There are 2 protein chains.
Amino acid sequence: MPATLDFERMLRGAALRVTRPRLAVLAAVHEHAHADTDSIIRVVREDLGEVSHQAVYDVLRALTAASLVRSIAPQGSVARYEARVGDNHHHVVCRACGAIADVDCAVGDAPCLTASNDAGYTIDEAEVIYWGRCSECAATSPESSGG
Amino acid sequence: MPATLDFERMLRGAALRVTRPRLAVLAAVHEHAHADTDSIIRVVREDLGEVSHQAVYDVLRALTAASLVRSIAPQGSVARYEARVGDNHHHVVCRACGAIADVDCAVGDAPCLTASNDAGYTIDEAEVIYWGRCSECAATSPESSGG
DNA sequence: ACCACTATCTTGAATGAGTCAAGTTGAGGT
DNA sequence: ACCTCAACTTGACTCATTCAAGATAGTGGT
């Protein structure tokens, strides 16, 4: 886990001013992968006291634009954020409880960019979401097998 | 393009009552792939006159639950619907204009289900979204090359 | 064809993530 | 220390989607 000084360097490296809300949001995202905006707001407030939700929204957008964090939003979920950026990893989402876990790219470094026919598009990123059940939900709930 | 009778059969096959809103929504989704709810409401109303938005929402949910249509919702987009179900195809989304196109699975039939490590999840579906620019947007807008 | 049953539709209000706007504060440079 | 503008606060607002209650109309049986 990076320290405050590291976060400060990250911000300066992205030409962003170093403010306490930004440091706190950056720390929150690093500590709580896949947290939604609301959770991040709560964590930040535990850290700093009152901080406006607008500030957190702004910060998250700035950090996302600077590629310091990445946002994901599977169907039926609000926006979630994570600090793993720059690598080519994907996500598994549990249909039952909504839990999200990281998975590394199935095939290699960035071959996911290869679509069989690209419909004329210039593709720069492939986002993969695996759907299923986490081990806990698979154990507890009936799998409704066969129908 | 299937005819009304085909839609009727689809509904009965899914144990759903055959109503005009349902036939109209089913037709709209077949005719307008990747349309959002609002567009579908408009198309349905052109067809039937006044229909409540709630009815369309309900119908779309029922059809989705019955696997007669599929919903997709890339980041920053509202829910969109398509009638291609049961095959293993994915989508390209244009970052500039939001256009969506179908792409067939990159690797084969359903190998997308193979994650390198599944984090203990039981995976049943892989959803892939390719991000890039459609040919039109790639031609008109500067590619902001190099950063 | 008619009836009963209830799934489906209508109407209207509510929810909630996210955005917009105007004014204040504070980080960073001189 | 002072200035400037990015960043924060406050508070209102948007709009896709959902909730709830009552009216309507498919469907199966007679």
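Numbers restart at 1 for each chain; the letters A, B, ... are given by sequence-line order, proteins then strands. Note that the coordinates shown come from a computational prediction; the quantities given were computed from them, not determined experimentally. What you see below is based on every heavy atom in this structure, not just the backbone, and it leaves out hydrogens, waters and symmetry mates.
- Looking at B:Arg42 and B:Glu46, no side-chain N of the basic residue comes within less than 4.0 Å of a carboxylate O on the acidic one, giving no salt bridge.
- What separates CD of A:Glu50 from C1' of C:dT25 is a distance of 16 Å, to the nearest Å.
- Electrostatic pairing of A:Asp124 and B:Arg95 counts as a salt bridge here, judged by a charged N lying under 4.0 Å from a carboxylate O.
- Taking for each of A:Pro21 and B:Arg20 the nucleotide of DNA chain D with the nearest heavy atom, the 5'-most of the two is the partner of A:Pro21.
- The distance between atom CG of A:Leu11 and atom C1' of C:dG26, rounded to the nearest whole Å, is 16 Å.
- Taking every side-chain heavy atom of A:Arg17 into account, D:dA7 is the closest of C:dT19, D:dA7, C:dC9.
- Across C:dG28, C:dC9, C:dA13, the shortest atom-to-atom separation from the side chain of B:His53 is found for C:dA13.
- Annotation: the span from B:His30 atom NE2 to B:Glu82 atom CD amounts to 10.5 Å, rounded to 0.5 Å.
- Side-chain polar atoms of A:His34 and A:Asp102 form a donor-acceptor pair below 3.5 angstrom.
- For the pair B:Val51 and A:Val78, both in contact range of DNA chain C, the more 5′-proximal nearest nucleotide belongs to B:Val51.
- Taking atom OH of residue B:Tyr81 and atom C1' of nucleotide D:dT17, one finds them 9 Å apart after rounding to whole Å.
- Proximity of B:Thr19 to the phosphate of D:dA25: no side-chain N or O atom is located under 4.0 Å from OP1 or OP2.
- A distance of 9.0 Å separates OH of A:Tyr121 from CD of B:Glu136, quoted to the nearest 0.5 Å.
- Residue B:Ala79 places its side chain closer to D:dT17 than to any other of D:dA7, C:dC9, D:dT17.
- Considering only the side chain of A:Arg12, C:dG28 comes nearest among C:dG28, D:dT9, C:dT8.
- Atoms CG (A:Asp58) and C1' (C:dA22) sit 14 Å apart, rounded to a whole Å.
- Contact check of residues 61-73 of chain A against DNA chain D (heavy atom, cut-off under 4.0 Å) returns no residues at all.
- Nucleotide D:dA7 holds its P atom 17 Å from the CG atom of A:Leu48, rounded to whole Å.
- Panel note: side chain B:Thr64, backbone B:Leu60; a donor-acceptor pair is recorded below 3.5 Å.
- If you measure from atom CG of B:Asp36 to atom P of D:dT17, you get 8 Å, rounded to the nearest angstrom.
- Relative to the side chain of A:Val59, the nucleotides D:dC8, C:dT10, C:dG18 differ in distance, and D:dC8 lies closest.
- Taking atom CG of residue A:Leu60 and atom C1' of nucleotide D:dA7, one finds them 14 Å apart after rounding to whole Å.
- Listed for the A:Arg22 side chain is no donor-acceptor partner under 3.5 Å among the backbone atoms of A:Leu11.
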